Amino acid sequence: MAEARAQAGGLVGLVPTMGFLHEGHLSLMERAVAECDQTMATLYVNPLQFEDPADLARYPSDPDRDLALAEACGVDLMVVPGPEEMFPSRPLTGVTVAGIGERLEGEFRPGHMDGVATVVTRLLAGLQPHRAYFGRKDAQQLALIARLVQDLGFPVEVVGCPLVREVDGLALSSRNVLLGARRAEALALSIGLMLAADRFDRGERRATVLEAAVRSAVPEDALEYVRLCEAATMTPATIAEGETVLVAAARFGSVRIIDNVHLVADHHGASADRGVRLGRPSLLYGSEGTMTAREQAMEPPGGAA
Ligand code: PAF
């Protein structure tokens, strides 16, 4: 990493990733390239943030494809640190962001948020970017990183970028390819959040009602949580005032997905940020012989995997 940093000059942007890139990652890279003199992206599947070894083992990976996509976006330097470079021995130092890292994902995935905080700290220390770009899809992760940067005094600007959705509304995630025939069922999560965003746009501000809109769309046994939170601290909110985020997580078969809508209500007015939607099937499904997102969405629930 020291070598990579030495090569980069001017205003340096960083896009940390775990690979298996999709349009969400590419939008971060394009933005970094547009705003910075040099853009570095990292590809490191961080074992510290996987609480389940089986989940780590099946995490999708295609480094050659990732390198080609990042290069096409104009990324100047793709940093692919090996485990021995990142953590020559199991780190004895961990980063915990109290509160923000303990709720929601921290509760349902013990150790996950600390793993993210520790690896992002390691990347920021090693690569010393001026700006670091993260997607709003991981709203809690974004709040956690903004806070750790503030607390530890990293001289980096954290840039939150729009959540990107597939054609049918499913939030983009590398894990979507693991959903298989359950992809159609998984759409329920984004459908529920869109219902809640519509209610917010019509003036509803009560957390109980917004959360109930999501519950109405997602089967009870699939939904892990839905919660209205203050965006900066991820503390539960009872009313959608100021900047809040309605976050939700659900499990379809063995695949867990998260999604959110960002809600802003202040003296300027109110707006629900649903993210941006692709106009065509995601490149996640682009390889030959793989079903397109649209085809998968048309598969009946419980259809052949
Ligand atoms: O969002 C991700 O892909 C990961 O959590 C990150 C920020 C690259 C840390 O491993």
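The model shown is predicted, which means the values in this text are computed figures rather than measured ones. Whatever order the structure lists ligands and atoms in, that order sets their numbers, starting from 1.
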Next on the checklist: Does ligand 1 come near enough to Q49 that some N or O of the ligand is less than 3.5 Å from an N or O of the residue?
Outcome noted: yes
Checklist entry - What about Q141: any of its N or O atoms under 3.5 Å from an N or O on ligand 1? => result yes
Within the 4.0 Å heavy-atom shell around [X], which atoms of ligand 1 are there?
X: P16; answer: 8 (C)
X: V119; answer: 9 (C), 10 (O)
X: T17; answer: 8 (C)

Item to check | Side-chain (E243) to main-chain (L263) donor-acceptor, under 3.5 angstrom | outcome: no
Checklist entry - With distance as the sole test, does T244 use its side chain to make a donor-acceptor pair with the main-chain N or O of E241 at under 3.5 Å? => result no
Could you list the donor-acceptor pairs under 3.5 angstrom formed between side-chain atoms of residues 2-18 and any protein atom two or more places apart in sequence or on another chain?
from	atom 1	to	atom 2	distance (Å)
R5	NE	L127	O	2.8
R5	NE	Q128	O	3.0
R5	NH1	A8	O	3.0
R5	NH2	Q128	O	3.3
T17	OG1	G19	N	3.0
T17	OG1	T42	O	2.8

Checklist entry - So which pairs with a foot in residues 182-230 pass ring pair (Phe, Tyr, Trp, His ring centres under 6.0 Å), sequence neighbours left out? => result F108-Y225
Next on the checklist: Restricting to non-hydrogen atoms, name the atom on E166 and the atom on R277 that form the minimum distance, rounded to 0.1 Å.
Outcome noted: O-CG, 3.2 Å
